[in-house]
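Have a look at the structure below before the remarks.
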There are 2 protein chains.
Amino acid sequence: MANSDESATIYQVAQRAGVSIATVSRALRGTGPVAAKTRERVLRAVEELRFTPSRLGVSLASGRHAANGIVFPDLSGPYFAEVLLGYEEVASELGRSVIILSTRGRAAVPDLVRDLSRRVDGMVIFGQTVRDDVVAEIVDSGLPLVMIARDDVAGADVVASENTVSAARLASHLLGHGYRRIALAGGHDNGDITQRWTSVGQVLSEHGLTPPEPSPCEFTVEGGHALGRYLLSGPRPEAIVCADDQVALGVILAAEELGLSVPGDVAVTGWDDIMAARHARPALTTVRQPMRDLGARAARALDELITGARDTPRSQVTPTELVIRASCGTHPLEEA
Amino acid sequence: MANSDESATIYQVAQRAGVSIATVSRALRGTGPVAAKTRERVLRAVEELRFTPSRLGVSLASGRHAANGIVFPDLSGPYFAEVLLGYEEVASELGRSVIILSTRGRAAVPDLVRDLSRRVDGMVIFGQTVRDDVVAEIVDSGLPLVMIARDDVAGADVVASENTVSAARLASHLLGHGYRRIALAGGHDNGDITQRWTSVGQVLSEHGLTPPEPSPCEFTVEGGHALGRYLLSGPRPEAIVCADDQVALGVILAAEELGLSVPGDVAVTGWDDIMAARHARPALTTVRQPMRDLGARAARALDELITGARDTPRSQVTPTELVIRASCGTHPLEEA
DNA sequence: AGAGTGAGTGGAAGCGCTTACACTCCAAGA
DNA sequence: TCTTGGAGTGTAAGCGCTTCCACTCACTCT
């Protein structure tokens, strides 16, 4: 393989084919007429020189990056990975590369986001990863933007999965078990989690119970573990509703360490239905969220915004499903 | 916020500050001398116009993308997500964006990889995701390349985690339990997995046993589940060594369905030590792989190649650790 | 006082493409 | 035979930067 180290440019192709660069461009992109013979000469030259158009040249001239960004808080844990998976798949189908940015533990997030915004045609941001003023700045700059799992933002699309109904179902189910002292593991986030807590609180209120204050913790197994030890050491709740599955797994671990049985001594529920939920001991009652679908929808919504197929922001909510397993108790009473 | 929709260019800044674009560039990048007063005027203009340099302009002129690529087979499952996490973190520290490409289910992988190669300063490829000739093409083009978990490739760095020693330890441990009929779940991949099988086979041979032929399956919970049902229906092995934790979880699921106890009726081991391994029922004996570290190392190695700090390929292997949990049996005999 | 120095600045040439526009033919229509 | 018109092509103007080079001025050294 003849490797001139520096890859060929359109000028070299043009020279070799004995035509102008305009003709090369037209032949390659199919814009404008090119005689069959000429095209053939061009293609031969392209092949001989192993020419691939410089992405930068193309982008600068055409004004588009053919790339999308996605900003998430953290890639650890299955939730974000699954969303990303769905996102990348669709983006790739649409001919767009995906540039990722994780904000976890990063100091200069606004700058990183700004930087990202300069290299994409549009971006997706998970709720609560980027300050509101920075989000507003992005919207204001005219860059197509889709938010995932966040309250509506003026000027941006929102893709979220259903929280209120499923949270209410979950709460009702636990009440059906006869549990009354219910604790919430995981603090407010002004997004998904908050919606769930509000909904759970409402159901409890309707049943004459005082909605509990959620206990903050990191949304990881470790966070759940620490909080679990705390919650299970004081006056013990009958059920602990966790912000997500990882927290729930941590709580179960804590219960085990304290010699408590789940669900015998305390019921535990999660949210997301990650792989480990099914394999946990006991298997985790949780709410299944269509994670990949969320990412796929975000990618499509963004594409519409970028291509201009749509120019008014839209908010879409995908349904979720309550998955009853062993961790909330073995013999649930029938509920309304 | 005054939003002219199209963001400002360096020309507008220059005009507003009453200087040339060269001076603006120098003032902003700190290359070359600029009078304090001039700098101030430039910075004021930058602020007023909310100027951010166009990434494309910068890249085209400077000849660098300030972006890295990473190609993986699939983002589902914790392994790749964790590696990606470590990779992105370091890349971001080094001022490089990360462009991802998942090959799973994609038809035109070579084209996608080529396309990716035109938008980055260097890339990382997981072993066995891209055809050898395409890898060779990348190397030949002079693009810095780091392979993860793959046999050495001429001209590319390799970052891998230790397989042989840990696999031997694992095999010895199982023999110490007294198991003799050992099955291998997961087919060859000419990479990591193959190394493990070879090593296990060798240990078995040394003990006078015939190395078993590995049974192919998808490296997912479902794949393990299907294979598990098959393996456990015939003449039952005493232990099933799985290619990774997900496969092992599937096998355990299959055992459960068939009314078999793990490890009572059959021992099961995994590899990776993903989160679910610890929470599985029974907890999974496995080999911990430093997944994030793998990604971080790849990012650093790639950076060295890109900056030219190093120009000869290097191969590094990170250590792994055997993690004994319940799934291989409760009272292991002491081993050598 | 004249030469030398270096800080500070602008002009302009790229980087590798896309594309508007102008131009040349040549065949078909009047 | 003289328009037309469109197919086929080239010229050149960007796209938004970086950076080489040349140039202008104070100054400092002999």
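Worth knowing before you read on, the calculation uses all heavy atoms, side chains too, and leaves out hydrogens, waters and symmetry mates. The chains referred to below are lettered A, B, ... by the order of the sequence lines, with proteins before strands, and numbering in each begins at 1.
When each of D:dC17, C:dG10, D:dA12 is scored by its nearest atom to the side-chain atoms of B:V58, the top-ranked nucleotide is D:dC17. The side chain of B:T9 sits closest to D:dC17 out of D:dT11, C:dC17, D:dC17. Comparing C:dG8, D:dT18, D:dG10 by their closest approach to the side chain of B:A35 singles out C:dG8.
Positionally, the nearest nucleotide of DNA chain D for A:T38 lies more toward the 5' end than for the other of A:I21 and A:T38. Each of B:S62 and B:G18 has a nearest nucleotide on DNA chain C; the 5'-most of these lies closest to B:G18.
As rounded to whole Å, 11 Å separates atom C1' of D:dC15 from atom NE2 of A:H65. Rounded to a whole Å, the CG atom of A:L28 is 10 Å from the P atom of C:dC17. As rounded to whole Å, 13 Å separates atom P of C:dG8 from atom CZ of B:R41. Here the C1' atom of nucleotide C:dC17 and the CZ atom of A:F51 are 8 Å apart, to the nearest Å. Rounded to whole angstrom, the span from the CD1 atom of B:I10 across to the C1' atom of C:dC15 amounts to 15 Å. The distance between atom CD of B:Q15 and atom P of C:dT9, rounded to the nearest whole Å, is 18 Å. The nearest whole Å value for the distance from the CZ atom in A:R55 to the P atom in C:dC15 is 20 Å. If you measure from atom CG of A:L60 to atom P of D:dA13, you get 17 Å, rounded to the nearest angstrom.
Looking only at distances, a side-chain donor or acceptor of A:S62 sits under 3.5 Å from a matching main-chain atom of A:V58. Here the side chain of B:S59 pairs a donor or acceptor atom with the backbone of B:R64 at under 3.5 angstrom.
Around CZ of B:R310, the count of heavy atoms belonging to other residues, nucleotides or ligands within 6.0 Å exceeds 12. Within a 6.0 Å radius of CD in A:Q316, more than 12 heavy atoms belonging to other residues, nucleotides or ligands are found.
Between the side chain of B:Y11 and the base of D:dC17, a donor-acceptor pair under 3.5 Å is found. For C:dG10, its base sits under 3.5 Å from the side chain of B:R26 at one donor and acceptor pair at least. Contact of B:R39 with C:dG8 (side chain to base): no donor-acceptor pair of N or O atoms is detected under 3.5 Å.
The CG atom of A:L49 sits 10.5 Å away from the OG atom of A:S7 when rounded to the nearest 0.5 Å.
The shortest distance between the side-chain N/O atoms of A:S20 and the OP1/OP2 oxygens of D:dG10 is below 4.0 Å. Put simply, A:S25 has a side-chain N or O that comes within less than 4.0 Å of OP1 or OP2 on C:dT18. Contact between the side-chain N/O atoms of A:R29 and the OP1/OP2 oxygens of C:dT18 is found at a separation under 4.0 Å. Between A:T23 and D:dG10 there is a side-chain polar atom (N or O) within less than 4.0 angstrom of OP1 or OP2.
Residue contacts for B:P33: at a heavy-atom cut-off of 4.0 Å it reaches a base atom on one of the strands shown.
With sequence neighbours left out, the side chain to side chain donor-acceptor pair (under 3.5 Å) criterion links B:S102 to no other residue.
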